[in-house]
There are 2 protein chains.
Amino acid sequence: MAVSSAGSRRRADAERNIARIVSAARELLSSDPNATTDDIARAAGVGRMTLYGHFRTRAELVEAAFVDALRAGERVLSSIDQTGDAREVMTRLLASSWQLVAESAALLTAAEGVLPAGRVRELHADPVRRMTELVRRGQDQGVFRTDLPTSWLVSVVHYILHGAAGEVRAGRLPSHDAADMVTKSVQSVLTG
Amino acid sequence: MAVSSAGSRRRADAERNIARIVSAARELLSSDPNATTDDIARAAGVGRMTLYGHFRTRAELVEAAFVDALRAGERVLSSIDQTGDAREVMTRLLASSWQLVAESAALLTAAEGVLPAGRVRELHADPVRRMTELVRRGQDQGVFRTDLPTSWLVSVVHYILHGAAGEVRAGRLPSHDAADMVTKSVQSVLTG
DNA sequence: CACATCTCGTACATGAGAGTACGAGTTAGC
DNA sequence: GCTAACTCGTACTCTCATGTACGAGATGTG
């Protein structure tokens, strides 16, 4: 997060620059978890020193980018139409969020490499919980398998998501095909 | 690979040290893709200078470790009983190799970060080809789904494998449960 | 318009890791 | 047991990224 927490108000240009930096960090770290502060500052169109004016350390910046991505994810998750059985909800969810989740794979790696152990899990406990609830609901409704633990099924969904992202990034899978393949594959695993 | 390629013969102790170094590299890089040459030399029980006597650069060492892991994988793949339909073969294959493939996930990351682009795919073209053939055979036999491309199915198998490895490493999944979950999940995706 | 806030270049300190140079000591193999 | 091959410690250079120090100039805001 930015240095000045709540006490004093920030100037508008500072606010704008912070947003730019976080956004650039999200973008760069999502394709290269080792992007340097210099890379990020440059991509944000600000000097490196400006960046350090807002984020004391690289770790602080990575966390800010990660939190930003999580917030975007939360926005999507909470806007999903929850009617119908769990299969339908899952399909809708994947259709509208697979790209987002997938893009953050490398960002997650970056966060894990830099943040104190456990902090990462702590930060995205919320989205994981929501996904877990959806899967469990499906199991309770009898539309998702119960011979595998809920937590494992949730994990597999993540792996498929991240994998698809990798394929797309590497240019081996056209982006518009990905959603369909992800959905079909996930549905198979969940229904057994 | 080692510096002296084919021309002159190596002394027995040198040969032994090379084996130790490669083995240590495989082990360390499999849990930390950023392990340093110093870490590896130390783990191999040799001086750093000995290591540099056999591998000019870190990249050369990483490649050697990667190739070594691939060879071990090939040995497993080629010893699998190929009788029965593709589902049975796949089950046998996963049972006896998931750990191996899984362990090499981080090693693969290390290789990708250090080797020239494309070199990695080039190196493990063989195992990928074998797995692809197995999946295609299943599709031809009518036991695996055909509504998703072969290459995508192969990829998903890899993701599930690597994901399981991550869970085991993180201590969230007991190692002896993993094989079963991987097998069930993969079977679901492949049969639709 | 005054001034606190913000920008950002240059320069520097630090630390980590790769790879090199040298050379004395050890060991395998004929 | 002689010799070439090998080991490996010390010490060095290079490069790269993080983070700090200083300070002059630009700009938003009351």
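Below, chain A is the first sequence line, B the second, and so on; all start at residue 1. Because the structure is a prediction, the values reported are computed rather than measured.
- Under the 4.0 Å criterion applied to side-chain N and carboxylate O atoms, Arg129(B) and Asp126(B) are assigned as salt-bridge partners.
- Rounded to a whole Å, the CG atom of Leu51(B) is 15 Å from the P atom of dC6(D).
- Scanning for salt bridge (Lys or Arg N to Asp or Glu O under 4.0 Å) contacts around Glu27(B) gives an empty result, with sequence neighbours left out.
- Within the 3.5 Å criterion, the main-chain N or O of Ala86(A) finds a donor-acceptor partner in the side chain of Gln141(A).
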Sequence neighbours excluded and cut-off under 3.5 Å, please list the side-chain donor-acceptor pairs for residues 28-35 of chain A, or say none.
from	atom 1	to	atom 2	distance (Å)
Ser30(A)	OG	Arg26(A)	O	2.6
Ser30(A)	OG	Glu103(A)	O	3.3
Ser31(A)	OG	Leu28(A)	O	3.2
Asp32(A)	OD1	Asn34(A)	N	2.9

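- For the side-chain hydrogen bond (donor to acceptor under 3.5 Å, both in side chains) test, residues two or more places apart in sequence or in another chain that qualify with Arg87(B) are Asp85(B).
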Worksheet, complete the sentence: 5' to 3', nucleotides 15-21 of chain C under a 4.0 Å protein heavy-atom cut-off (B base, S sugar-phosphate only, - none) gives --SSBBB
Worksheet entry | Annotated protein contacts, base or backbone, on nucleotides 25-30 of chain D with a non-hydrogen cut-off under 4.0 Å, one of B, S, - each | --BSS-
Just list the side-chain donor-acceptor pairs under 3.5 Å for residues 153-166 of chain A, sequence neighbours left out, or say none.
from	atom 1	to	atom 2	distance (Å)
Ser155(A)	OG	Ser151(A)	O	2.9
Tyr159(A)	OH	Gly163(B)	O	3.1
Tyr159(A)	OH	Glu167(B)	OE2	2.5

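- The phosphate of dT7(D) (OP1 or OP2) has a side-chain N or O of Asn17(B) nearer than 4.0 angstrom.
- For the side-chain hydrogen bond (donor to acceptor under 3.5 Å, both in side chains) test, no residue two or more places apart in sequence or in another chain qualifies with Thr132(B).
- Asp177(B) meets the salt bridge (Lys or Arg N to Asp or Glu O under 4.0 Å) test with no other residue; sequence neighbours excluded.
- With sequence neighbours left out, the side-chain hydrogen bond (donor to acceptor under 3.5 Å, both in side chains) criterion links Gln187(B) to Thr91(B).
- Annotation: proximity of residues 19-27 of chain B to DNA chain D (heavy atom, distance under 4.0 Å) is found for no residue.
- Shown here are the side-chain hydrogen bond (donor to acceptor under 3.5 Å, both in side chains) partners of Gln82(B), two or more places apart in sequence or in another chain: Arg137(B).
- Heavy-atom minimum distance, Arg58(A) versus Thr36(A): NE-CA, 4.5 Å.
- For CZ of Arg92(B), the number of neighbouring non-hydrogen atoms (other residues, nucleotides, ligands) closer than 6.0 Å is greater than 12.
- Phosphate proximity of dT7(D) to His54(B): present, with a side-chain N or O under 4.0 Å from OP1 or OP2.
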Worksheet entry | Pair pattern of DNA chain C in dot-bracket, where unpaired bases get dots and | marks partners in another strand, Watson-Crick or G-U under 3.5 angstrom | ||||||||||||||||||||||||||||||
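- In this structure, Arg145(A) places its CZ atom where more than 12 heavy-atom neighbours from other residues, nucleotides or ligands lie under 6.0 Å away.
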